[in-house]
Each structure stands twice: as C-alpha cells, then as structure tokens.
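A short worksheet on the structure shown next.
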Amino acid sequence: MKQLNIGLVGYGFMGRTHSNAFLQAPRFFDLPYVPVLKAVAARNEERVKKFAENWGYESHTSDWRDLVNRKDVDLIDIASPNDTHHEIAIAAARAGKMVMCEKPLGRNAIEAKAMTESIEQAGVPNTVWYNYRRVPAVTMIKELLDEGRFGRIFHYRAKFLQDWTISKDLPQGGEGLWRLDVSVAGSGVTGDLLAHNIDTALWLNGPIVEVTAMTETFIKERTHNLTGKVEPVGIDDASAFLARFENGSLATFEATRYARGHKALYTLEINGEHASAFWDLHDLHRIQYFDHRDEGRVRGWRNVHVTDGDQPYMKHWWVPGLQIGYEHTFTHQFADFVEAAARGRALPPTFRDGLATDRVTDAVLKSAKSRQWEKVEC
Ligand SMILES: NC(=O)c1ccc[n+]([C@@H]2O[C@H](COP(=O)([O-])OP(=O)(O)OC[C@H]3O[C@@H](n4cnc5c(N)ncnc54)[C@H](O)[C@@H]3O)[C@@H](O)[C@H]2O)c1
C-alpha cells in the first residue's frame with residue numbers, strides 16, 4: 001500500500017494529539033494509505049529529538065523549511081503557534097504538499113485569505129483542525145439537522161469557558177503562554193476559543209451575516225517571558241457577541257478565561273421549530289435531545305449516550321456503551337483526511353471554511369471596537 005509521509009511542525013499540546021492520531025488511525029480505520037511519521041520540526045534541538053524518539057518519528061530538525069524542502073514528505077501538519085501558520089502553509093502549498101493546519105487558520109482573515117488562495121491554487125488536499133466537528137455526539141447533531149428533524153431554526157447558543165489566566169502573575173509569551181501575546185496569537189479568546197464555537201456553528205447552522213460584540217482585557221499588563229519586561233496585554237480576555245445567521249436565526253456566543261471553576265466548558269444548543277439539542281464538552285459522549293413530535297404523554301428531554309455502532313464513528317471503537325474521548329476527535333479527522341486525500345479532495349473544514357471562521361472573528365473584534373453591528377465579509 002502507498003505510504004503517506006508526514007512532516008509535523010510543533011511538538012507541543014497539538015503535536016502530541018496529532019501524533020497520537022497518526023499512530024491510532026490505521027489501527028482502527030481501514031485507510032487507503034499507510035501513515036509514516038517521517039519527520040518533526042520544532043525550534044529546540046534537544047527537545048525535538050526527544051519528542052521524535054518518544055513518538056517514533058524517523059528524523060527531526062529545528063527548521064520547518066527542511067520538511068517543506070524534502071521530496072519524501074507528502075503532508076505538512078502545522079501544529080505550531082498562530083503566527084507561524086501563514087508562512088508555513090503557503091510554503092508547503094507552493095511545494096505541492098498536502099496541508100493540515102491547526103486553528104485558527106490565520107491570525108486574521110487577511111492571512112487566512114492568502115493561505116486559502118495559495119492552497120486552492122496548488123490544488124492540494126487540506127483541512128483545518130477544528131476537531132470538535134468530529135466528536136461523535138456533535139457529528140450526530142449535524143446528521144439530525146441534515147435529516148430535517150429540527151424544522152426552522154430559531155436560536156443557536158454557544159460558550160467556551162476556562163479559568164486559567166485569572167492570576168495577574170501569569171506571564172505572557174513562550175510555549176503555551178504565546179496565547180496571551182497578541183502579536184503571536186492574533187487575538188485572545190475570540191480567535192482561540194470562540195473560533196471553535198463559530199466553526200461548529202457555521203457547520204451546523206450555516207453562514208453568520210452580522211454580529212455585535214463586547215470584549216474586555218481584565219489584566220492590562222503582564223511580564224513577557226521572552227523580554228523579561230512588563231508589557232501591555234493586547235488580547236481580549238473575554239468576548240461575547242450576538243449574531244444573526246443567514247437562515248434568520250439568532251445567536252449568542254461567549255468565551256472567557258476568567259470563569260472560575262470552568263476548565264473547558266464548550267457548550268452548544270440549537271432550538272428549532274420541532275426539536276432542540278444540547279451538547280457539553282465536559283460530558284462529550286452525550287446529547288440532550290427534545291423532539292416535540294413525540295407522543296405528548298412521554299415527551300421529554302432524551303439523554304442519548306452516543307456509543308452505539310450506528311452512531312457516528314463508534315463502530316470503529318469498542319462495544320456499545322463504552323466511551324471514547326477527546327483524543328479520538330483528532331483520530332477521526334485524520335482518518336477522514338486520508339480518505340479524502342486518496343480521492344484528491346480537501347476535507348471539511350477546509351482552508352476556505354477556516355477563512356469563513358476568521359471572517360467572523362474579525363467582525364467580532366471590529367464590532368467590539370466600533371460598538372456597532374458589523375457585517376461579516378463573505
Ligand atoms: N484544535 C484544538 O483544539 C487546539 C487546541 C490547542 C491548540 N490549538 C492550536 O494549535 C496550535 C499550537 O498550539 P499548542 O497548544 O500545541 O501550542 P504549544 O505552545 O503547546 O506548542 C507549540 C509548538 O510549536 C513550536 N514552535 C513554535 N514556533 C515554531 C517555529 N517557528 N517553527 C517550528 N516550531 C515552532 C514550539 O516549539 C512547540 O513545540 C495553535 O495554533 C493553537 O491555536 C488547537
């Protein structure tokens with residue numbers, strides 16, 4: 001069978017989830033290519049070597065350009081901070097490589113547009129790692145919507161709450177903490193957390209046409225890890241917005257890293273004429289589902305445990321009733337990507353889908369400044 005030679009950029013949090021997916025996918029899915037962990041690139045020579053040994057990469061380098069220049073690498077996987085996505089993706093596309101890129105696609109829609117044009121011109125398979133689409137319960141909500149069970153949609157509601165940046169002593173910059181440095185991240189929770197909520201929302205409920213937003217930076221200065229100096233904080237610590245979808249439904253979105261007690265509380269709810277569904281990342285294998293067309297006497301919220309073989313992705317795993325978790329969402333996306341790539345296709349969310357999300361986050365940030373409703377570029 002033909003090999004798919006992978007060059008990974010970044011060995012942090014996402015470097016690990018992706019590497020795990022590359023190893024797991026061929027054991028649980030019948031893939032058309034054999035994934036080969038060819039090389040990994042990250043800046044720290046000693047640590048990248050250790051990472052390569054731990055995960056079984058054949059080679060390592062401290063410069064991502066080495067991966068793009070290698071003839072024996074088919075796929076560049078970008079798992080490095082947001083400020084690196086644009087340059088690496090465009091170079092990889094020009095070299096004719098397939099590209100999987102972490103979210104958000106660019107630090108803003110200008111970067112994302114250039115990346116999308118470049119990848120489409122190259123005509124290579126691509127995807128953006130909005131992995132929550134491939135939580136089986138979330139995929140099942142999409143299936144129920146596509147079957148028309150909800151009727152006309154009135155409301156969409158999403159939030160993503162964390163609490164890890166409340167301390168004023170937390171520095172900005174460097175591994176993990178680059179998220180607090182606006183020059184690297186592009187924005188705060190809007191591009192980091194809300195981007196996930198927005199991608200799922202666009203997938204489930206169609207385009208967003210306009211937004212009105214508010215953001216706040218609660219801690220205005222933090223020591224920078226790279227300079228050692230106290231520097232202004234340019235990211236949004238909290239962001240909330242109202243939105244109108246093209247289908248006429250209304251939405252509320254909220255994200256913060258200052259909701260004490262909440263670690264990764266991504267929730268979404270959709271309310272239609274006939275049915276409603278609710279999902280919560282802390283209980284990711286369940287959906288709450290209500291169908292008004294059920295017989296009145298027994299009508300109520302169903303708590304559906306999404307673990308059976310006829311529910312999305314689950315036939316690839318264990319026996320009914322046994323759960324899978326967060327890491328499997330990456331395995332699902334990689335398996336789907338390999339299937340699409342074998343047919344020469346991009347896998348949704350494609351770069352164009354990633355651009356659509358960046359256009360919404362740009363409009364959110366613009367509205368927070370203008371204090372006006374802002375149209376989303378299409
Ligand atoms: N899909 C998700 O749920 C999800 C979750 C977390 C992070 N992310 C995204 O993944 C990306 C990486 O985030 P993370 O949490 O893994 O960050 P991290 O800080 O844990 O790791 C970043 C890695 O990139 C490397 N790196 C930095 N600059 C580089 C460069 N110029 N060349 C090569 N390597 C470089 C670092 O050495 C490190 O290995 C970000 O875009 C982030 O938004 C997505």
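Note that the structure is predicted; figures quoted are calculated from it, not measured. Read the numbers this way: they start at 1 and go in the same order the structure lists the ligands and their atoms. Positions are given from 1, in the same order as the sequence printed here. Computed from heavy atoms alone, side chains included, the values below leave out hydrogens, waters and symmetry copies.
- A donor atom on one side chain and an acceptor atom on the other are found under 3.5 Å apart for Ser19 and Tyr57.
- Counted by atom type alone, Thr350 and Asp353 present one or more donor-acceptor pairs between their side chains at under 3.5 Å.
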Hey, can you pull the donor-acceptor pairs under 3.5 Å for the side chains in residues 91-99, sequence neighbours left out?
from  : atom 1 : to    : atom 2 : distance (Å)
Lys97 : NZ     : Arg70 : O      : 2.6
Lys97 : NZ     : Val73 : O      : 2.8

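- Under the side-chain contact (heavy atoms from CB on, under 4.5 Å) criterion, Glu147 pairs with Glu143, Leu144, Arg149, sequence neighbours left out.
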For ligand 1, output the ligand-protein N/O contacts shorter than 3.5 angstrom; if there are none, return none.
from     : atom 1 : to     : atom 2 : distance (Å)
ligand 1 : 1 (N)  : Glu102 : OE1    : 3.2
ligand 1 : 1 (N)  : Trp129 : O      : 3.1
ligand 1 : 1 (N)  : Asn131 : OD1    : 3.0
ligand 1 : 3 (O)  : Asn131 : OD1    : 3.2
ligand 1 : 3 (O)  : His196 : NE2    : 3.2
ligand 1 : 15 (O) : Arg179 : NH2    : 2.8
ligand 1 : 16 (O) : Phe13  : N      : 3.3
ligand 1 : 16 (O) : Met14  : N      : 2.8
ligand 1 : 17 (O) : Trp178 : NE1    : 3.3
ligand 1 : 19 (O) : Gly176 : N      : 2.8
ligand 1 : 19 (O) : Trp178 : NE1    : 2.9
ligand 1 : 20 (O) : Phe13  : N      : 3.0
ligand 1 : 28 (N) : Arg43  : NE     : 3.3
ligand 1 : 28 (N) : Arg43  : NH2    : 3.4
ligand 1 : 39 (O) : Tyr11  : N      : 2.8
ligand 1 : 39 (O) : Gly12  : N      : 3.2
ligand 1 : 41 (O) : Ser80  : O      : 3.4
ligand 1 : 41 (O) : Asn82  : OD1    : 2.6
ligand 1 : 41 (O) : His85  : NE2    : 2.9
ligand 1 : 41 (O) : Lys103 : O      : 3.2
ligand 1 : 43 (O) : Asn82  : OD1    : 3.2
ligand 1 : 43 (O) : Lys103 : O      : 2.8

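- Inspection of the Asp236 and Thr215 side chains reveals no N or O donor paired with an N or O acceptor under 3.5 Å.
- Partners of Ser276 under the side chain to side chain donor-acceptor pair (under 3.5 Å) rule, at least two apart in sequence or in another chain, are Asn271.
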